[in-house]
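Please read the structure below before turning to the comments.
Residues take their numbers from the sequence shown, with the count starting at 1. The analysis underlying the following values was restricted to heavy atoms, covering all of them including side chains, and did not include hydrogens, waters or symmetry mates.
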Amino acid sequence: MATALIILAAGMGTRMASDMPKVLHQVAGAPLLVHAMMSGAALSPEHTVIVTGHGAERVGPIATAFDEAAEVVIQEDRLGTAHAVAQAKNALAGFSGDAIVLYGDTPFIRPETLEAMIEARSDHAVVVLGFDAADPARYGRLVTKGDTLERIVEFKDATEAERAITLCNSGVICADAETLFDLIDAVGNDNASGEYYLTDIVGLARDRGLSASVVRCDENETMGVNSRIDLAVAEAAFQTRARTELLTLGVTMTAPETVFLSHDTVIGRDTIIEPNVVFGPGVTVESETTLRAFSHLEGCHVSRGSIVGPYARLRPGTELAENTKIGNFVETKNAIIAEGAKVNHLSYVGDADVGAHANIGAGTVTCNYDGVFKHKTTIGAGAFIGSNTMLVAPVTVGAEAMTASGSVITTDVEDGALAVGRGKQTNKSGLARKMFEKLKSKRAKLGKG
Ligand code: UD1
Ligand code: MG
């Protein structure tokens, strides 16, 4: 059966105290909205409709960057969750199948949970995701009779007895799209908030003799983000879960609580991660690598057997082939480092192609930027770049070529050649001793012993 996602993301997010729309704040390197889209993507939806409002001009492009097929609609006046869902009606004209409503500020709903809801739909017209709340606070309460969900009552409208119910509404609702929009048309706003409540569709469905039911999930899944405090709690929850997953998959972390992962970090088994390693988005690391302490990786690939760090920074476009070594205080960007190559100390390698088993000496810099354009450096297999070489790009150093340390290399070096690009050394016999004597006698005259 075809499915359509409707993700509500029009809210102000006042409590974030931010100029940025709430759903664009990030957890593990991805906006909250993208987390919701990722959960829903597991259902291979035929449509994904994002209901935006506050900051729509910023939210829309982020949604379509993640999924170019996403349809962004605007809710001009925020009159409640039912009104928000109604904005998706035109986008879903002609669609037949299930519609599932998610919130853009609720990042952790598991795909399996959504699948369970779709499955429950074969027996019920409306399926609501509920959870047993440790503190039900102001959540909507699910009023059930046996296995049947009779209605949802919002906290503000609930009686004392209803407020005592701990089974709460997560906000995720699934129904046949046509039925959903029909029921929404019947929703009014005669309630304590004067809003059109999506939750009213359950009671309306029951009045029409349709069945409604609850799928339950863990409270952690329905965690919503309303403030920076919630955002920090969500980040911590994500990190704890992601670290545990990696440990379970056979990755060693000596101090897992100091390692920070992204939503899409992939690490192979028998890799060792030392303390304080940070992963930005887009990192894949193969098996049996060592990522040493205080390294920062982002948008890069590290192949089997490589050693990175301590204190290395791998920036986007870095590709390390097998058994490479990137040492302390080395920064790489848009750099292809072939098998067995070493950049061990204090270097910048950017917009570069480094051949197999090349050795890049300490303090080497690829001078890739002329102030306007970026240029490429190519270093051949087995080349030896002497310490403190400046490679002024565009430039090529051939296979098994060498550069003398301290050289500024501005023209290509052919295979097997030694390039020396520095001032010639001259030694002045006895001159140092003379200079010392002169300086010491000056100090004596000044009376400083
Ligand atoms: C809602 C549910 C409540 C549930 C709770 C779970 C209703 C009436 N109540 O309450 O039962 O326990 O979520 O967190 O649905 N939004 C729009 N446009 C609007 C209104 C809301 O896009 O006009 C979006 C918000 O940005 C948010 C989501 O819908 O992402 C929920 O709205 P919110 O105002 O937070 O609803 P709650 O009062 O928390
Ligand atoms: Mg809310």
Side-chain angles (χ1 to χ4, degrees), residues 18 20 24-35 38 62 65-66 107-108 223 225 228-321 324-337 342-350 352:
S18 177
M20 184 162 77
L24 298 189
H25 285 268
Q26 297 196 344
V27 165
L32 293 169
L33 175 63
V34 170
H35 281 273
M38 288 191 289
I62 297 290
F66 174 74
F108 298 145
M223 176 190 293
V225 173
R228 306 275 181 164
I229 295 168
D230 292 348
L231 190 68
V233 170
E235 181 74 41
F238 177 93
Q239 294 299 337
T240 303
R241 199 165 52 237
R243 289 166 189 147
T244 307
E245 270 170 26
L246 283 183
L247 293 166
T248 312
L249 288 173
V251 173
T252 293
M253 285 187 255
T254 43
E257 69 284 5
T258 67
V259 173
F260 290 85
L261 302 156
S262 266
H263 63 100
D264 58 355
T265 307
V266 177
I267 300 180
R269 150 195 188 119
D270 290 320
T271 277
I272 296 171
I273 307 177
E274 292 183 358
N276 297 295
V277 175
V278 175
F279 295 85
V283 177
T284 52
V285 177
E286 294 183 6
S287 298
E288 292 173 29
T289 68
T290 303
L291 307 179
R292 305 193 62 195
F294 296 99
S295 293
H296 189 284
L297 298 83
E298 188 181 2
C300 63
H301 178 78
V302 179
S303 301
R304 183 183 286 266
S306 292
I307 302 175
V308 173
Y311 300 97
R313 179 168 185 214
L314 306 187
R315 291 172 53 204
T318 297
E319 294 268 349
L320 304 186
T324 57
K325 273 186 161 175
I326 302 295
N328 43 277
F329 305 107
V330 170
E331 174 182 347
T332 64
K333 184 217 73 176
N334 193 22
I336 313 292
I337 315 283
K342 293 177 185 163
V343 192
N344 271 334
H345 336 266
L346 301 156
S347 293
Y348 171 62
V349 179

Once you round to the nearest 0.5 Å, how far does [atom1] of [X] lie from [atom2] of [Y]?
X: Arg315; Y: Tyr348; atom1: CZ; atom2: OH; answer: 5.5 Å
X: Ile326; Y: Ile337; atom1: CD1; atom2: CD1; answer: 5.0 Å
X: Gln26; Y: His35; atom1: CD; atom2: NE2; answer: 8.0 Å
X: Ile307; Y: Leu291; atom1: CD1; atom2: CG; answer: 10.0 Å
X: Asn334; Y: Glu319; atom1: CG; atom2: CD; answer: 9.5 Å
X: Arg313; Y: Leu297; atom1: CZ; atom2: CG; answer: 10.5 Å

Is it the case that the side chain of [X] and the backbone of [Y] share a donor-acceptor pair, with hydrogens and angles ignored and the cut-off at 3.5 Å?
X: Thr271; Y: Glu286; value: yes
X: Ser303; Y: Leu320; value: yes
X: Glu235; Y: Ala28; value: yes
X: Ser306; Y: Thr324; value: yes

Legend entry - Within 6.0 angstrom of Arg241 CZ, more than 12 heavy atoms from elsewhere: yes

Legend entry - Lys333 atom NZ, over 12 foreign heavy atoms within 6.0 Å: yes

Looking at residues at least two apart in the chain, or sitting in another chain, which of them share a salt bridge (Lys or Arg N to Asp or Glu O under 4.0 Å) with [X]?
X: Arg304; answer: Glu288
X: Arg292; answer: Glu274
X: Glu245; answer: none

Legend entry - Pairs involving residues 248-307, ordered by first then second residue, that meet ring pair (Phe, Tyr, Trp, His ring centres under 6.0 Å) (sequence neighbours left out): Phe294-Tyr311

Inset, instruction - Just jot down the side-chain contact (heavy atoms from CB on, under 4.5 Å) partners of Asp264, sequence neighbours excluded, or say none. - result: Ser262, Pro281

Inset, instruction - Please examine the side chains of Val27 and Leu231, heavy atoms only from C-beta on, and report whether any two atoms are closer than 4.5 Å. - result: yes

Legend entry - Check: Val308 and Thr289 side chains under 4.5 Å, non-hydrogen atoms: no

Work out which heavy atom in [X] is nearest to a heavy atom in [Y]; give both atom names and the distance.
X: Ile62; Y: Pro31; answer: CG2-CG, 3.8 Å
X: Gly309; Y: Ser295; answer: CA-OG, 3.4 Å
X: Val283; Y: Val285; answer: CG1-CG2, 3.7 Å
X: Met223; Y: Ala234; answer: SD-CA, 3.7 Å

Side-chain atoms of residues 246-259: list all donor-acceptor pairs with protein atoms under 3.5 Å, sequence neighbours left out, distances to 0.1 Å.
unit_1, atom_1, unit_2, atom_2, d
Thr248, OG1, Thr244, O, 2.6
Thr258, OG1, Ala255, O, 2.8
Thr258, OG1, Asn276, N, 2.9

Legend entry - Chi angles and distances behind the side chain to side chain contact (heavy atoms under 4.5 Å, CB included) call for Leu314, Val302: CA-CA 9 Å; Leu314 306 187; Val302 179; 3.9 Å; yes

